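Report on one structure; see the data block that follows.
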Amino acid sequence: MIHKVVKNADDAIRDIPDNATLMVGGFGLSGIPENCLAALLRKGTKGLTCISNNAGVDDFGIGLLLKTHQVRKMISSYVGENEEFERQLLSGELEVELIPQGTLAERIRAGGAGIPAFFTPAGVGTEVAEGKETRTFEGKVYLMERWLRADYSLVKAWKGDTLGNLIYRGTARNFNPMMAAAGTITIAEVEELVQPGELDPNTIHTPGIYVHRIFKGSNYEKRIEQRTVRSIR
Amino acid sequence: MLDKIGIAKRIAQEVRDGMYINLGIGIPTLVANYIPKDIHVILQSENGLLGIGPFPTEDKVDPDLINAGKQTITMVPGSALFSSAESFGMIRSGKVDLTILGAMEVSEDGDIANWKVPGKMVKGMGGAMDLVASAKNIIVAMQHCSKDGASKLLKKCTLPITGLKCVKRIVTDMAVLEVLPGGGFRLLERAPGVTVDQVRKATAGRLEAHDDVPEMRLQ
């Protein structure tokens, strides 16, 4: 009997130990696993390595865990908009590895696809290339990049079923599908949790095989970083 | 001299019907506002969307729909959504026709530096390195000189590089220039009121500039 449904975020993250490596879905604050991040804050899990495109803002997303010094290392492509992050980075409390965004996405995809390394042109001739193997294919130089995998992947989807099949919404998809596949244990939080058969199999983004635990999240804030609107003409 | 909107308007003239375009944060984002109405292009957002529409009206704001600058956006009819891996797959494989991005420095070989100032807070490269490594056509939007008057069009970049030999064309507050295949800048147009001599003085890298270079025409 497949049993993936857990009560809530606290139950879902119960066994994440100190010093674990986590993948955390989202781009900016869009598509982040709000409930799991709040549960990690409550539990006080320390020494975390977080693989996430961004590091949240001062008082939301991964920013909350930075404030309480629960994060030891960030692996990201862009970490602006966060003063506490900047302070900890400059004081040496926090370690940061910056990776080109497409390389980050592909390293995670490779991790979930069983491909230990691949070649990309991004970063050739830059400090990103330092210490990395390069090879020339058809006259162009490429860098070898290795897969990324995680002890736990925390992803956020719009809808999911009890077998772990997931559907994302809008640009909240971003890094979530690759991270779902690259986690040793993948925890999905969803806005709507339904029974098998209720989601159209044609529309599934993440097949349930990648998801180990799933729960219906609550009180989604879905904070907006840059609220930009036009007036009605 | 052009202001930011002037630079955006001039770059919009480089856009051709049917192009798939990636716009960077800042001035490049403004370009979308000045693309002629009879030209149909599709804008790519690196966080997983083809078909960026205008900013939403207040009642249509959706936290699940943002652009690479984390601004709320809308989708045009015929949009497609996808993951970040697929997004950079289409970038890496050269499907995006035109990339417009900002820069801190450009060298006469077409090298670009736009992600890091040593000693200052490092925010990261985001998607810039992936874009410049693979784009078929890159236009850079930038100020010709820094606030203290130093040229940003150099023989060699002094800041950490984002990508090598990738910039094709540059639109600054003073001029439109192209990077020659063998190296060096060529002046194509002057901004209104700017002389060829002023461009020569403001360009530290090798510059090919005829005295009769035309002034750019803006609407």
Side-chain angles (χ1 to χ4, degrees), chain A residues 27-31 53-54 76-82 85-86 89-90 96 98-106 108-110 120-128 140-143 158 168-178 205 220-232, chain B residues 25 29 45-49 52 54-75 79 81-92 111 113 115-116 118 120-134 160-166:
Chain A
F27 180 96
L29 301 178
S30 194
N53 189 54
N54 310 95
S76 305
S77 87
Y78 187 83
V79 293
E81 333 330 328
N82 193 322
F85 182 98
E86 186 169 343
L89 178 59
L90 295 173
V96 178
L98 293 168
I99 298 176
Q101 193 176 160
T103 299
L104 179 63
E106 193 63 15
I108 297 166
R109 199 194 71 80
T120 175
V124 169
T126 74
E127 58 188 62
V128 166
K140 187 166 169 168
V141 182
Y142 296 82
L143 280 188
W158 178 34
Y168 307 95
R169 184 172 176 277
T171 53
R173 190 182 319 182
N174 54 64
F175 284 80
N176 282 298
M178 296 83 75
H205 296 129
Y220 280 105
E221 185 178 336
K222 291 198 177 186
R223 197 184 292 188
I224 290 170
E225 260 180 273
Q226 304 285 337
R227 190 183 192 87
T228 43
V229 295
R230 72 190 144 110
S231 48
I232 304 167
Chain B
I25 295 162
T29 302
S45 197
E46 67 189 18
N47 55 321
L49 169 64
I52 306 175
F55 293 136
T57 50
E58 189 66 50
D59 59 319
K60 294 280 195 304
V61 167
D62 181 348
D64 291 339
L65 216 46
I66 61 171
N67 65 15
K70 285 100 177 177
Q71 295 171 308
T72 45
I73 51 164
T74 57
M75 293 189 282
S79 283
L81 294 157
F82 36 85
S83 73
S84 302
E86 178 135 27
S87 177
F88 282 93
M90 62 183 73
I91 288 167
R92 236 184 268 108
D111 301 348
W115 77 281
K116 182 178 184 180
K120 293 206 174 154
M121 172 55 192
V122 178
K123 292 181 191 289
M125 64 292 278
M129 284 191 183
D130 310 273
L131 281 160
V132 302
S134 300
I161 293 288
T162 308
L164 297 172
K165 294 188 184 198
C166 53

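Naming convention: chains lettered A, B, ... in sequence-line order (proteins, then strands); numbering from 1 in each chain. Small disclaimer: the values here were computed from a predicted structure and weren't measured.
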With only heavy atoms counted, which part of [X] is less than 4.5 Å from chain A, the side chain, the backbone, both or neither?
X      : value
B/T162 : backbone
B/N67  : backbone
B/V122 : both
B/K116 : side chain
B/L65  : both

Which bit of [X] is near chain B, if near means a heavy-atom gap under 4.5 Å: side chain, backbone, both or neither?
X      : value
A/N82  : neither
A/L29  : neither
A/V96  : neither
A/Y168 : neither
A/R227 : both

Could you tell me if the side chain of [Y] sits less than 4.5 Å from the side chain of [X], heavy atoms only?
X      : Y      : answer
B/D62  : A/R169 : yes
A/E106 : B/F88  : no
A/L98  : B/W115 : yes
B/I66  : A/E225 : no

Verdict with reasoning, B/K70 to A/N54, per side chain to side chain contact (heavy atoms under 4.5 Å, CB included): CA-CA 11 Å; B/K70 285 100 177 177; A/N54 310 95; 3.3 Å; yes
Is there a side chain to side chain contact (heavy atoms under 4.5 Å, CB included) between A/Q226 and B/T72 once you walk through the steps? CA-CA 6 Å; A/Q226 304 285 337; B/T72 45; over 6 Å; no
